[in-house]
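This report concerns only the one structure given below.
All chains are named by letter (A, B, ...) in the order of the sequence lines, taking the proteins before the strands, and each is independently numbered beginning at 1.
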Protein chains: 2
Amino acid sequence: MKLNTKSRYAVMALADMAVFSRNNAVSLRDISLRQGISLLYLEQIFLKLKKNNIVKSVRGINGGYMLVKTPKELKILDILLALDQKVKTIGCKKDSKKSCNGKSTKCITHNFWDELDIHINSFFESKKLSDLLRNKEVRY
Amino acid sequence: MKLNTKSRYAVMALADMAVFSRNNAVSLRDISLRQGISLLYLEQIFLKLKKNNIVKSVRGINGGYMLVKTPKELKILDILLALDQKVKTIGCKKDSKKSCNGKSTKCITHNFWDELDIHINSFFESKKLSDLLRNKEVRY
DNA sequence: TATATACCCGACTAAAATAGTCAAGTTTTA
DNA sequence: TAAAACTTGACTATTTTAGTCGGGTATATA
Ligand code: FES
Ligand code: FES
């Protein structure tokens, strides 16, 4: 059960922005240098964040990205959803071929996986970006 | 964030056993037919379950597998661990090259992922196989 | 107004993980 | 002794992941 690097880097980069933004745009170059994430990869990630209205961009010299919401308002869940990282531990859709073994009724474990998804989702729903910043051993 | 099919099938197969075992061994062939899981794949899965002492085997005609513990005692977590399905959402080990960006200090998000892992683990720890059997819409 | 900086965007790819299959056994009971 | 059922390691096609690449566009400032 792993989270992909895109989601992880997205959370990392946004946390970085929350720390370093003082009402000014933060460039991906700076984030890349501070957090050791490939600039090209960050661009890909921030395109999605922008499309999903997590950040807004400022082009040109001294440009960069800014958070749309405050860290206190920004749910981690919203970040993950922006990266297509749905919490769906089992790829089961009723009525589709992807349903468990292609049968029409739900299998014996179905409800359990639903419960699991809800359990994980509620974690991401309850946590805000600001919750990460309290960390005492932060590295800049 | 997906769970692999091996873990899913393992839980499914063990739930099937819990339903159909009346102190007798349940053959993989029967589980395969009832649950629609490939017999060859089940064999692979049950080898691991056996090695991890989740089930015991009875060879020969009328053989099969039996649960070592009762469904009420068997934690879902134990099943997942048997399939190498560790709940480790981020592949970060301190002091290894796999640590976040190879630096020596923990990154800003590290503690958050730790919390996440604990949150998910505690779910699997608290749930027993018997918790799945209450399902009313079971398919046999 | 030139130019450097920084965002924008689709396409591409190497490597790893996944989801199985296959072959060739061994053991036990009817 | 034959059939049922477990045992084991190796193999493979497909999918996913984790990026890179190339060629843009917009804008501040010198
Ligand atoms: S039918 Fe949904 S998980 Fe099996
Ligand atoms: S240092 Fe552990 S997740 Fe970054």
Check whether any side-chain N or O of [X] sits under 3.5 Å from a backbone N or O of [Y] as a donor-acceptor pair, and report yes or no.
{"X": "A/S126", "Y": "A/F123", "answer": "yes"}
{"X": "B/D131", "Y": "B/K128", "answer": "yes"}
{"X": "A/R29", "Y": "A/V26", "answer": "no"}

Checklist line | Listed nucleotide nearest any side-chain atom of A/Y65, set C/dA6, C/dC8, D/dG19 | finding: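 Closest nucleotide to the A/Y65 side chain: C/dC8.
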
Note to self: I need the full list of ring pair (Phe, Tyr, Trp, His ring centres under 6.0 Å) pairs touching residues 54-78 of chain B, with sequence neighbours left out, sorted by first then second residue.
What the structure shows: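 Qualifying pairs, neighbours excluded: B/F46-B/Y65.
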
Rounded interatomic separation in angstrom, taking [atom1] from [X] and [atom2] from [N]:
{"X": "B/N24", "N": "C/dT29", "atom1": "CG", "atom2": "C1'", "result": "16 Å"}
{"X": "A/I37", "N": "D/dG19", "atom1": "CD1", "atom2": "P", "result": "10 Å"}
{"X": "B/R8", "N": "C/dG20", "atom1": "CZ", "atom2": "C1'", "result": "13 Å"}
{"X": "A/N4", "N": "D/dG19", "atom1": "CG", "atom2": "C1'", "result": "12 Å"}
{"X": "B/R29", "N": "D/dA4", "atom1": "CZ", "atom2": "C1'", "result": "9 Å"}
{"X": "A/L3", "N": "D/dT17", "atom1": "CG", "atom2": "P", "result": "10 Å"}

Got a list of side-chain donor-acceptor pairs under 3.5 Å for residues 49-61 of chain A, not counting sequence neighbours?
from	atom 1	to	atom 2	distance (Å)
A/K50	NZ	A/S57	OG	3.1
A/N52	ND2	A/K48	O	2.9

Reckon [X] has a side-chain N or O less than 4.0 Å from the OP1 or OP2 of [N]?
{"X": "A/N62", "N": "D/dT29", "result": "yes"}
{"X": "B/K50", "N": "D/dT7", "result": "yes"}
{"X": "B/Y9", "N": "C/dT18", "result": "no"}
{"X": "B/S38", "N": "C/dT21", "result": "yes"}

Item checked: Transitive ILVMFWY side-chain link A/I45 to A/L39, under 4.5 Å ->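 Cluster IDs for A/I45 and A/L39 match.
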
Next item on the list: May I ask you to list the residues of residues 39-48 of chain A, by number, that have any heavy atom positioned under 4.0 Å from an atom of DNA chain D?
Entry: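 DNA chain D contact set from residues 39-48 of chain A: A/L40, A/Y41, A/Q44.
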
Next item on the list: Applying side chain to side chain donor-acceptor pair (under 3.5 Å), name anything that partners A/K6, two or more places apart in sequence or on another chain.
Entry: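 Applying side chain to side chain donor-acceptor pair (under 3.5 Å) to A/K6 gives A/Q44.
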
Margin query: Below 4.0 angstrom, which residues in residues 51-59 of chain A have at least one non-hydrogen atom near DNA chain C?
Written below: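 Contacting residues: A/S57, A/V58, A/R59.
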
Next item on the list: Look at the aromatic rings of A/F112 and B/F124 and report parallel, tilted or perpendicular, splitting at 30° and 60°.
Entry: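 Aromatic pair A/F112/B/F124 classed tilted.
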
Notebook entry, point to check: Which residue pairs pass the side-chain hydrogen bond (donor to acceptor under 3.5 Å, both in side chains) test when at least one of the two sits in residues 67-76 of chain A, sequence neighbours left out?
Noted result: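 Sorted pair list: A/T70-A/E73, A/K75-A/E125.
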
